[in-house]
Trainee: 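Sharing a structure with you now.
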Amino acid sequence: MVYSHRRQKATDLLAKLELDALVFCQPENIRYLCGFTGSDAALIVFSDQLVFLTDSRYTTQSNAEVTADQICEYKLKIEGIASQLTSHDVSRVGFESTLPFGFAKELQDQGNADCKWMHLKDELQSLRLHKTSDEIEFLASAADLNAAAFAEVIHMIRPGTKESEVALALEFALRRLGAEEKAFDVIVASGARGAMPHGVASDKLIGTSELVTIDFGCRLSGYHSDETVTLAMGDVSGELQSIFDTVLEAHDLALAEVAPGIALTELDRIAREHIKSSGFGDYFGHGLGHGVGLAVHEAPTVSPRSTMNAEAGMVFTIEPGIYVPGVGGVRIEDTVLVTDDGCRILTKIPKTFSNILLN
Ligand code: ZN
Ligand code: ZN
């Protein structure tokens with residue numbers, strides 16, 4: 001059932017783009033369209049057929065998982081795809097913009113000389129954009145695992161603990177509680193390291209009067225969680241306190257406006273303006289958020305370059321941050337689902353100022 005609906009979306013796209021075939025190599029797209037959970041395969045959507053291709057390592061697995069008209073085994077992926085395209089005599093083929101250039105070039109060289117190839121990026125964003133209730137359930141459960149894992153390790157987040165110990169404990173807790181995998185390398189950035197938006201946990205000891213930013217997530221049934229908390233280790237300087245307050249306000253202001261119809265650029269603007277008017281405009285360099293689903297970063301982006309409006313069923317993050325070199329940083333991130341009349345915050349860890357030693 002679920003796959004016939006998704007297949008319809010892909011064939012509608014095929015018709016809209018006036019293509020004879022769509023070639024997918026991204027594991028997330030393949031999983032979405034036919035259920036394959038392995039990491040190496042290809043899927044070709046023709047108007048009347050869905051052809052799944054993989055190598056002998058995955059034949060047994062694909063027979064158990066894949067919903068397609070044909071499951072084919074290849075020795076070389078390029079040859080497998082090219083022979084399908086040739087035998088279907090296609091003249092217009094679309095492929096993902098993420099396909100490596102060399103691979104795409106070789107594929108074109110092996111196809112019909114007069115075949116037209118279309119490099120698709122924005123056109124494919126719509127495919128996984130609106131989450132169904134099953135997908136929302138997985139995303140919410142992954143977010144619940146974040147909260148449960150965090151509750152288990154919060155006692156460790158203290159001055160004197162290594163950042164890497166906190167990261168490892170979180171990862172371990174997530175896995176033990178049922179996650180398939182961490183969503184990305186856990187970020188634990190304390191003190192001045194907090195100025196690095198992607199400061200993966202180091203051997204640094206967490207210090208007193210520092211802020212600690214922890215950004216982590218997991219994967220459950222293929223779907224991801226993504227959440228960031230920033231905690232204070234005792235009293236912090238007035239500057240750090242005001243950085244924290246500004247980020248939390250920016251987060252709350254943007255979150256309050258999430259509803260169908262609002263431009264995603266507007267959400268970004270609301271948070272960015274607040275940070276700017278508080279004097280920290282130079283220290284918020286990244287976009288406000290990104291979509292979350294089978295990939296931890298997917299459409300839609302929430303940034304000054306966004307082109308979409310929020311629509312019910314979209315799931316994305318709201319994650320403003322301020323990073324002051326030599327001083328420290330704060331990021332606060334929640335993952336939200338746009339609902340018919342607003343939004344539902346999927347991530348559960350409280351984001352208010354939390355001063356660990358004075359609790
Ligand atoms: Zn994150
Ligand atoms: Zn994120």
Trainee: Is there side-chain contact between Met233 and Ser190, with at least one heavy-atom pair below 4.5 Å?
Mentor: no

Trainee: Kindly say whether Asp48 contributes a backbone atom to a donor-acceptor pair with the side chain of Thr11 at under 3.5 angstrom?
Mentor: no

Trainee: Check whether Ser225 reaches the backbone of Cys218 with its side chain - one donor and one acceptor, N or O, closer than 3.5 Å.
Mentor: yes

Trainee: Donor-acceptor pair, Ser97 side chain versus His119 backbone, under 3.5 Å?
Mentor: no

Trainee: Running the 4.5 Å side-chain criterion over Ile, Leu, Val, Met, Phe, Trp and Tyr, what cluster does Phe95 land in, apart from itself?
Mentor: Val23, Ile44, Phe46, Val51, Leu53, Tyr74, Ile78, Ile81, Leu85, Val90, Val93, Leu99, Phe103, Leu107, Trp117

Trainee: Answer yes or no: is there a donor N or O on one side and an acceptor on the other, between the side chain of Glu210 and the main chain of Gly207, under 3.5 Å?
Mentor: yes

Trainee: Could you verify whether a donor N or O on one side chain and an acceptor N or O on the other, from Asp268 and Ser303, lie under 3.5 Å apart?
Mentor: no

Trainee: Should Thr37 and Glu65 count as side-chain neighbours, where that means a heavy-atom distance under 4.5 Å?
Mentor: yes

Trainee: Examine distances only and state if a side-chain atom of Ser278 and a backbone atom of Phe280 form a donor-acceptor pair shorter than 3.5 Å.
Mentor: no

Trainee: Hey, is the main chain of Ala143 close enough, under 3.5 Å, to the side chain of Glu227 for a donor-acceptor pair?
Mentor: no

Trainee: Run the salt-bridge test on Lys77 and Asp55 with the 4.0 Å N-O cut-off and return the result as yes or no.
Mentor: no

Trainee: Between the main-chain N or O of Ser221 and the side-chain N or O of Glu180, is there a donor-acceptor pair closer than 3.5 Å?
Mentor: yes

Trainee: Quick one: are Glu257 and Leu267 in side-chain contact, heavy atoms under 4.5 Å?
Mentor: yes

Trainee: Side chains of Ile136 and Arg344: does their closest heavy-atom pair fall under 4.5 Å?
Mentor: yes

Trainee: Could you note down all residue pairs passing side-chain hydrogen bond (donor to acceptor under 3.5 Å, both in side chains) where residues 280-289 supplies at least one of them, sequence neighbours left out?
Mentor: His286-Tyr323

Trainee: Go through the side-chain N and O atoms of Glu135 and Thr132 and say whether any donor and acceptor fall under 3.5 Å apart.
Mentor: yes

Trainee: What I want to check is whether the side chains of Glu73 and Ser56 have a donor and an acceptor closer together than 3.5 Å.
Mentor: no

Trainee: Can you confirm if the aromatic rings of Phe36 and Tyr58 lie within a centre distance of less than 6.0 Å?
Mentor: yes

Trainee: Does any donor atom in the side chain of His290 or Glu319 lie under 3.5 Å from an acceptor atom in the other side chain?
Mentor: yes

Trainee: Without swapping roles, check the side chain of Ser164 against the backbone of Asp203 for a donor-acceptor pair under 3.5 Å.
Mentor: no

Trainee: Dump the intermediate steps for side-chain contact (heavy atoms from CB on, under 4.5 Å) on Glu298 and Glu28, then the final yes or no.
Mentor: CA-CA 10 Å; Glu298 61 180 42; Glu28 295 86 2; 5.7 Å; no

